[in-house]
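Scroll down for the structure; my scribbles are underneath it.
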Amino acid sequence: MTYAFKEIEEKWRKIWEEKRIFQARFREDKPKYYLLEMFPYPSGKIHMGHVRNYTIGDVVARYKTMQGYNVLHPMGFDAFGQPAENAAIKNKTKPDGWTHKCIEWMEFELKKMGFSYDWEREVSTCDSEYYRWNQWIFLKMLERGLAYKKASNVNWCPSCETTLANEEVIEGACWRCHQKVEQKDLEQWFLKITDYKERLLEDLAQLKEWPERVIAMQTNWIGRSQGVEIYFRLKEKDATIPVFTTRADTIFGATYVVLAPEHPLVKEIIKGLPQEKAVLSFIEKTEKVTKEIRSSADVRKEGVFTGCYCVNPANNETIPLWIADYVLMEYGTGAIMAVPTHDQRDFLFAKEHGLPMRVVIQPDGRQPLEAGAMTAAYEEDGLQVNSGQFNGLPNQEAKLKIAQWMEEGSIGRIRTHWRLRDWLISRQRYWGTPIPVIYCTQCGIVAVPYEELPVVLPEDAPFTGEGGSPLKKVKEFAETTCPKCKAPAHRETDTMATFFDSSWYFLRFCSPRFEQGPFDAKEAGYWMAVDQYIGGIEHAILHLLYSRFFTKFFKDLGMVGFDEPFTRLLTQGMVLKDGEVMSKSKGNIVDPDSIIKQYGADTLRLFILFAAPPETELEWDDRGIEGAFKFLNRVWRIRENLIAKADASLSKALHKAIKKVSDDIDNFKFNTAIASLMELVNAIYASGADKQIFSKLIILLSPFVPHFAEELWQSLGNGESVTRAGWPQFDPALLIEETAVVVVQVNGKVRSKIEVPAHTSDDELKRLVLCDAKIIQWIQ
RNA sequence: GCUGGAGUGGUGGAAUGGCAUACACGUCGGUCUCAAAAACCGAUGGGGUCACACCCGUGAGGGUUCAACUCCCUCCUCCAGCACCA
C-alpha cells in the first residue's frame, strides 16, 4: 500500500489557502526575510525548470518561516512579450485574453506544487495598474535625461520584426528566436545605463554572495579598460585621428594606423586621391559582409591603403594610413595604431600587406627578437627598446611613464574605455507598455503628463504579422492632441522592451496595490533588499544588470536607501533528459503534471531536490522519482510502528540530523540534507522511534514535502499546522561522542582503527596505538 | 584568445588537509510467499586470496605534507559566457 498522496495534497492546499497561512504582513517589529524566485513568463504550462526553481525557493521560504522570520514570498507574471502576440496572430485571438488564460492555468499548476506563495500580492506586468508605473519611471528618466531618442545603427531581428538591445543579441542571433540579427539605421529610445557604468562595476564588489561567474560575466559585459587615447596628425590635411590603446608602451612600434571602413573621416580624406576608387569599393564590399562573418577569427584580414600618411606623435615618424575590416567602428575610436611586432592581429595584417615592423619590447634574458624573423607577435612583458628615453625600462613601468609623458606633451590623454552601451528599449510590437510620449509638430517630443497615466494599450489592434507596430494602425490611439499646445499630434507607437517591466517588479511586490507611486518607500524599506534571489543563469547579464541599474536610479531619486537589490543570488542548473535540455523539438519533455498525477507533488519536489545540488545540471531519472516515492512510503509506515520510548542513541541521531539539515539548507545543499534524513530513517528502522522523535523528523521533512508532513503531523495529534511548528534546535551536548574511532596511519597508510573514550589523553593514546597488534608489525 | 566552472564506482552524486565513494539508483543474494510483486535484511571500486593479509585507485604528470579528491606548479578534456575589445 502506498500513501494517498492525491487526497492529502488537495486537502492541505485547501486548508492552507483558507487559513491564509502564507500571507506576508508588514511588521516592522519582526526580522524579515524576502525570498524571491524569478517570476515566469505565462506560457501556459509549467515545466521542470519552473518546478526546480520554485521548489528550491519554497524550501528556503518555509525553513525561514519556521525559524521565526517574517517571510515575503510572492509570485507574479512577466506577462508582456512576443509569444502572446504571435499566438494572437496564429489563433486570431487577442494577446490579452490569451495571456490571462495562460496565467490562470499556470497559477493552477503552481498551486498544485504546494508552493508557499502569498498569492494576495500577485502582480501581472500587463495590467495597467502595473505598467502605468513603467510609464511613470520612464517619465522620471526622461526628466533626468536618462531616457532619450537617437538615430543610430541598431540591432534588428527580421523574424521578430523589432529592434533588440545589445544584451539580447547572443552570438549574433536574437535571444528569443535565434534568427540572425541585422543592423539598421533607426531612431529609437534608449536608456542611459552608461551613466551608471562605474557604479554598476564598483558595486559588484558588494555582492559577496553572488556566484563568481555572474560577477565575472557582468564585469566582462561592462568591459572597463584603461588606456590612452593617442592623437595621430594627418600629413598635409587638417585632421587628427584619435586612437585608443591599452598598450601605450608599444607606441614607438606603431608603424601604421588603421581606420574602420565606417569611420566618418574616411570619405573626406580620400577625396581626389588616386586611391579613392579602390577605397570606396573596399568599403562597399565590407558593408555587404555581415558583422558576424567579419568577426569570426579565421577570416583573413583584408584592407586597403588610403593614400594618406600620418605622424606617430612619439617619434614624429611618417607612417601610412590604412583601412581594414578588422577594426571595428563600435569599439574605441574606430581607429587603431598598429604594432605588428606586439599584436597578433596587426602582425597578420602587416605580413599580408608587406607593412613595416619594429620590435620595441625585448624578452628579458632570452634570445632577442628580430622583426624579420618573427612568426608571431610577441605579446608578453619585456624591456623597452627603440623607444627613445624609455629604453631599458620594463614595459609595464614604461606603459605608465609613456602615458604621463604623452599627457604632458598633449599628444595623448589617459582614458578609460567601456564596452557597455546604452540600452535600446523601444520595440515595434503591440504587447508591451506604451511609451508615454507624444510628438507634436510645434513642440517636438512632449511627455504625457503624469496625471494622464496610464497610457492604456488599446484592446483592439490589427494583427497581421506584417511589418510595423500594430499600434500605428490604431487611429484612436495614435492620433491625439499635444498636451502643451493642444494641436493635433500623434503618440509614440513603439512599446517598451519587457525587460523594463521586470527591472523593478521586486519592489512592487513590497506594496503591490500602492496607488501613489510604483512602490511604498516605507514598505520597500522594510522588505528590501531581496535576501535571496533564485533563477536561471540565462539572466546573468540581461535582467540582473537592468535591475541593478533601476535600483541605483531609484536611489538617486531618493526612493530607496540601498545600492543593490539582491543580496544573495542562486542560479539553478537546468533539467536535462538523456543529457540534453528538455525541449519540444527534441521530444524529451517530462511533464510535471503527469508526475504529480502518478506520484504526487511531494515526491516530485523530493526527487528534484535530491538528485543533484541546485547549481548543477540535473539529469531526469524515472527510477530516481520512484526512489523518492519509496522513501516517503517508508517514512509513512513508521507511524504504525511507533514504540513507547526510543533508544538514547536514536535521540543522538536525531540531533545530528537537525544540525545537518539546518546547515545544509543554509548552504543550499538540499541533496545532502535529504540524505541525512534518509540516514535517520534507516536508523529508525533499525531501532524503532517514539512519537516525539518521529514528530521532529516530520518537522525536518516539512520544507521539502509539505503536504506529506502536514498530514502526518496532524494525524499524530500535534495540533496546529506544521508550518507553524518552529524549527527544532539541536542540543550540542547530544552531539558529543562518548567514544571516538581513531584511525592510525603509518607513513600515510591506514593500518588500524581503535575505539577509545572521548577524552583519552595523548600519552594514553600513544600507548594504546603502540601495543596494537596491527601497528606493531608496521613500525619495525 | 580571455573569463568562470567541472573531471570521483555501472549511474546520480558525498567527503572543515585526516577511514575516498555518505545517501540514492542499479545489480546480486537472503527473509516472507505455492509463486511473483511489494516490503524487510545483507553484499556491491579494481586486483588478489578458500578466507584474510596485501597491492592499486578521485582526468595526466610533478610538488608541499606524517597525511592530498581537497593546497601549489605544468598539462589534457569537457561545459558555459565573452570575443578581430585595440
Side-chain angles (χ1 to χ4, degrees), chain A residues 1-2 170-172 211-225 227-230 243-248 250 254 257-258 260 291-302 324-328 330-339 342-346 348-349 379 417-419 537-538 540-541 571 573-574 576 579 606-607 610-613 615-628 630-631 633-634 637 660 663-664 669 671-682 685-686 741-753 774 777:
Chain A
M1 268 298 282
T2 56
I170 312 289
E171 289 183 9
E212 261 182 78
R213 73 163 158 163
V214 176
I215 300 282
M217 282 162 78
Q218 292 214 358
T219 306
N220 277 343
W221 189 261
I222 296 167
R224 179 180 192 269
S225 75
V228 183
E229 199 170 277
I230 304 175
V243 309
F244 178 74
T245 182
T246 55
R247 294 292 309 270
T250 65
V257 167
V258 192
K291 195 171 158 191
E292 195 200 356
I293 293 173
R294 247 179 88 180
S295 62
S296 71
D298 45 32
V299 162
R300 234 175 24 164
K301 302 189 186 323
E302 297 192 43
D325 58 2
Y326 78 99
V327 177
L328 307 175
E330 57 274 21
Y331 189 79
T333 59
I336 61 154
M337 64 176 206
V339 185
H342 304 293
D343 182 287
Q344 183 61 18
R345 292 157 302 174
D346 298 342
L348 291 175
F349 190 78
E379 294 178 333
H417 201 271
W418 303 78
R419 212 187 79 107
I537 187 70
E538 66 273 19
I541 294 169
T571 50
M574 289 194 284
L576 309 180
L606 188 69
F607 166 73
F610 180 63
E615 299 209 64
T616 63
E617 291 180 333
L618 185 152
E619 175 68 29
W620 182 264
D621 179 9
D622 289 322
R623 287 192 290 229
I625 198 106
E626 191 83 41
K630 256 158 77 174
F631 171 71
N633 281 298
R634 200 167 144 86
R637 281 190 295 272
K660 177 78 176 147
D663 289 349
D664 281 355
K669 291 159 81 174
N671 54 336
T672 51
I674 292 165
S676 75
L677 289 170
M678 288 173 168
E679 281 179 72
L680 179 60
V681 168
N682 289 343
Y685 267 76
V741 174
V742 176
V743 175
V744 187
Q745 296 187 349
V746 180
N747 291 328
K749 288 196 186 296
V750 178
R751 295 303 182 189
S752 181
K753 296 168 195 180
K774 284 183 187 152
Q777 55 179 321

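These figures come from a predicted structure and were not determined experimentally.
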Side-chain N or O of [X] less than 4.0 angstrom from OP1 or OP2 on [N]?
X: A:Lys630; N: B:C40; value: no
X: A:Arg637; N: B:C40; value: yes
X: A:Lys660; N: B:A22; value: no
X: A:Asn671; N: B:A14; value: yes
X: A:Arg634; N: B:C40; value: yes
X: A:Arg345; N: B:G1; value: no
X: A:Arg623; N: B:G12; value: no

Worksheet item: Which parts of nucleotides 28-33 of chain B does protein reach within less than 4.0 Å, heavy atoms only, written one letter per nucleotide 5' to 3' as B for base, S for sugar-phosphate only and - for none?
Response: ------
Taking the minimum atom-to-atom distance to the side chain of [X], which one of [options] wins?
X: A:Ile170; options: B:C84, B:C82, B:A86; result: B:C82
X: A:Glu679; options: B:G4, B:G13, B:C23; result: B:C23
X: A:Ile336; options: B:A86, B:A14, B:G4; result: B:A86
X: A:Glu212; options: B:G13, B:G5, B:C84; result: B:G5

Worksheet item: Just wondering, are more than 12 heavy atoms of other shown residues or ligands nearer than 6.0 Å to CZ in A:Arg419?
Response: yes
Discussion item. With the 90 degree cut-off around zero defining syn, does B:G47 come out syn or anti?
Written reply: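 Anti conformation for B:G47.
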Scan [X] against the nucleic acid and name what it touches under 4.0 Å (heavy atoms): base, sugar-phosphate only, or nothing.
X: A:Phe610; answer: base
X: A:Glu626; answer: nothing
X: A:Asn220; answer: base
X: A:Pro211; answer: nothing
X: A:Asn682; answer: sugar-phosphate

Counterpart base for [N], defined by Watson-Crick or G-U wobble contacts under 3.5 Å:
N: B:A80; answer: B:U3
N: B:U27; answer: B:A43
N: B:U33; answer: none
N: B:A60; answer: B:U74
N: B:G9; answer: none
N: B:A67; answer: none
N: B:C52; answer: none

Worksheet item: Do A:Tyr685 side-chain atoms and A:Arg634 backbone N/O form a donor-acceptor pair below 3.5 Å?
Response: yes
Discussion item. In terms of relative ring orientation, are A:Phe607 and A:Trp620 parallel, tilted or perpendicular, with 30° and 60° separating the classes?
Written reply: perpendicular
Worksheet item: What class does the angle between the rings of A:Phe244 and A:Tyr331 fall in, given that below 30° is parallel, 30 to 60° is tilted and above 60° is perpendicular?
Response: perpendicular
Discussion item. So A:Asp343 and A:Ile336, do their side chains get closer than 4.5 Å, heavy atoms only?
Written reply: no
Practice prompt. May I have the distance from A:Arg247 (atom CZ) to B:C85 (atom P), rounded to whole angstrom?
Written response: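 The answer, rounded to whole Å, is 13 Å.
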Discussion item. I'd like the C1' distance from B:A20 over to B:U74, given in whole Å.
Written reply: 25 Å
Worksheet item: Looking only at atom P, what distance separates B:C23 and B:C73, rounded to whole Å?
Response: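 So the two P atoms sit 35 Å from each other.
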Worksheet item: Which is it for A:Thr250 and A:Met337 under the side chain to side chain contact (heavy atoms under 4.5 Å, CB included) test, yes or no, and what are the steps along the way?
Response: CA-CA 10 Å; A:Thr250 65; A:Met337 64 176 206; 3.5 Å; yes
Worksheet entry | Given RNA chain B, 5'-ward residue of the pair A:Ser225 and A:Ala675, judged by closest heavy atom |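 Residue closer to the 5' terminus by nearest nucleotide: A:Ala675.
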Discussion item. If you assign A:Lys669 and A:Ala611 each to the RNA chain B nucleotide with the nearest heavy atom, which residue ends up on the more 5' nucleotide?
Written reply: A:Ala611
